[in-house]
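Down below is the structure, laid out as structure tokens.
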Amino acid sequence: MPIMVGYFSISVAFGFLARNVIGWYAILMSMAVFAGASQFIAIQMLSKGSSGLLVIATTFLVNLRHVLMSSYLATFYRGTNLFRKAIVAFGVTDETFAIASRRFNENKASFEYNVRLNFLCYVSWILGTAAGVFAPSVPQELVEVLPFALVAIFICILVMSVSSKLDAVVAVIAGLLATLLSFLPTGWNIIVATLTACLVGGVAERWR
Amino acid sequence: MIVLGMAVVTYLPRVLPMLKSLDPEFGFLKYIPVAIFASLVFPELLLNEHRVLAVDYETLAGLVALVAAWKSRNLLLTMLAGLAALYVLRNI
């Protein structure tokens with residue numbers, strides 16, 4: 001439930017910001033892309049007149065991180081048929097992944113659970129976008145803080161995912177590395193930092 | 001066209017790892033969630049728009065969200081606490 005409220009409010013902000021740039025195409029984008037961070041980035045780039053090709057390239061980089069998430073989820077989907085995997089894969093996002101992976105780790109998830117979770121988030125995302133596109137104008141200072149909802153949600157997910165000292169160490173390494181590497185094109189710092197920190201975690205685990 | 005392109009490049013990283021099975025020996029994969037969310041959060045809090053290490057309103061609101069997350073373990077409460085903190089900080 002909270003995750004859907006999170007999706008809805010963030011997508012309202014997205015629709016609201018996007019309508020000045022691409023109008024109702026914002027709704028189409030939410031239906032076809034369904035990836036928050038890259039949609040916000042795309043709106044910003046388009047508003048500054050970036051070429052479509054550059055927007056697509058950036059989207060790819062930003063969303064490359066889902067390779068890691070899908071790889072992880074795939075370890076729970078061995079033996080599931082291709083069609084089902086293709087469906088569940090469409091709904092892999094930071095948030096649905098966080099919940100699904102936690103549930104899988106506790107042996108409390110299944111294909112049906114994951115698809116239901118993804119679908120509910122997907123619907124919230126589209127409805128929120130539509131609400132944002134057609135919403136009356138609201139105080140500007142309220143709109144400006146809405147994107148921070150995403151960060152607050154990530155913080156909560158992070159806190160809930162840390163279950164050992166090594167988890168915490170991996171988190172700090174990844175976080176600091178991503179910060180130091182932020183001069184890299186958007187998205188690359190996240191990929192490099194994540195892979196490095198994961199390898200450190202994996203090696204440290206064997207040492208003991 | 002742009003939307004279509006974005007849709008394709010978003011779907012590919014999501015679906016390909018599902019279709020091609022991965023060696024279960026990749027034990028370090030379990031650190032992926034923690035590492036990804038840390039690398040998404042830290043830069044947001046530690047950098048300001050000019051890409052300098054800085055304590056700004058986002059950093060403080062992030063700390064509020066961190067405490068809220070710690071105490072409540074609830075996504076919605078954490079989100080509201082973070083948003084409220086940032087709103088108050090920016091508008092006083």
Side-chain angles (χ1 to χ4, degrees), chain A residues 2-3 5-6 25 28-29 32-33 35 42 52 55-56 59-60 63-68 70-72 74-75 77-78 82 85-86 89-90 92 98 101 141 145 148-149 151-162 167 170-171 174-176 178-179 182 190 193-194 197-199 201-202, chain B residues 1-7 9-22 24 26-47 51 53 58 61-62 65-66 68-70 72-83 86-87 90-91:
Chain A
I3 195 93
V5 177
Y25 275 98
L28 195 66
M29 190 189 280
V33 181
V55 174
I56 293 171
T59 302
F60 182 63
N63 291 333
L64 250 189
R65 68 182 186 281
H66 293 135
V67 166
L68 307 174
S70 277
S71 304
Y72 184 70
T75 60
Y77 283 123
R78 260 176 255 122
L82 291 186
K85 285 184 190 173
F90 180 79
V92 175
S101 62
E141 63 266 29
V145 295
F148 190 74
V151 182
I153 287 174
F154 292 159
I155 289 173
C156 190
I157 294 170
L158 179 60
V159 168
M160 291 193 292
S161 315
V162 172
D167 282 345
V170 169
L176 291 180
T179 307
S182 62
I190 291 164
T194 298
C198 282
L199 286 172
Chain B
M1 275 315 286
I2 295 173
V3 169
L4 199 66
M6 286 176 69
V9 298
T10 300
Y11 187 54
L12 283 181
R14 282 173 177 168
V15 74
L16 289 183
M18 289 272 185
L19 303 182
K20 176 183 129 325
S21 67
L22 252 150
F26 282 118
F28 67 90
L29 283 179
K30 74 164 182 266
Y31 294 106
I32 286 176
V34 175
I36 287 185
F37 290 110
S39 53
L40 282 167
V41 166
F42 278 49
E44 291 286 341
L45 302 183
L46 296 179
L47 302 173
R51 310 209 138 187
L53 285 175
E58 275 84 2
L66 184 68
W70 208 286
S72 71
R73 307 207 149 247
N74 180 311
L75 281 176
L76 185 60
L77 278 177
T78 306
M79 188 187 84
L80 292 176
L83 285 179
L86 188 62
Y87 184 82
R90 277 194 185 163
N91 294 287

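A quick note: this is a predicted structure, and the numbers were derived from the prediction, not measured.
For B/Ala81, no part lies under 4.5 angstrom from a heavy atom of chain A. For A/Ala171, the parts sitting under 4.5 Å from any heavy atom of chain B are the backbone and the side chain alike. Looking at B/Arg73, both its backbone and its side chain come within 4.5 Å of chain A, counting heavy atoms on both sides. Contact annotation for A/Tyr77: only side-chain heavy atoms (C-beta onward) come within less than 4.5 Å of a heavy atom of chain B. B/Leu77 does not touch chain A: none of its heavy atoms, backbone or side chain, sits under 4.5 Å away. Contacts of B/Tyr11 with chain A are made by side-chain atoms alone, with heavy-atom separations under 4.5 Å and no backbone atom involved.
Residues B/Tyr31 and A/Val170 come closest through the heavy atom pair CD2-CG2, 3.7 Å.
Looking only at heavy-atom pairs under 4.5 Å with chain A, the residue among B/Pro43, B/Gly62, B/Ser72, B/Gly82 that has the most is B/Pro43. Counting heavy-atom pairs closer than 4.5 Å to chain B, the top residue among A/Ile157, A/Thr179, A/Asn63, A/Asp167 is A/Thr179. Among the candidates A/Ala193, A/Ser70, A/Ala178, A/Gly52, the residue making the largest number of heavy-atom pairs closer than 4.5 Å to chain B is A/Ser70.
No side-chain heavy atom of B/Glu58 sits less than 4.5 Å from a side-chain heavy atom of B/Glu44. Within the 4.5 Å cutoff, no side-chain heavy atoms of A/Leu158 are placed close to those of B/Leu40. Within the 4.5 Å cutoff, the side chain of B/Thr78 has no heavy atoms near those of the A/Val159 side chain.
The line from CZ of B/Phe37 to OG of B/Ser39 is 9.5 Å long, rounded to the nearest 0.5 Å. The distance from the CG atom of B/Leu66 to the CD1 atom of A/Ile155 is 6.5 Å, given to the nearest 0.5 Å.
More than 12 heavy-atom neighbours from other residues, nucleotides or ligands sit within 6.0 angstrom of OH on B/Tyr87.
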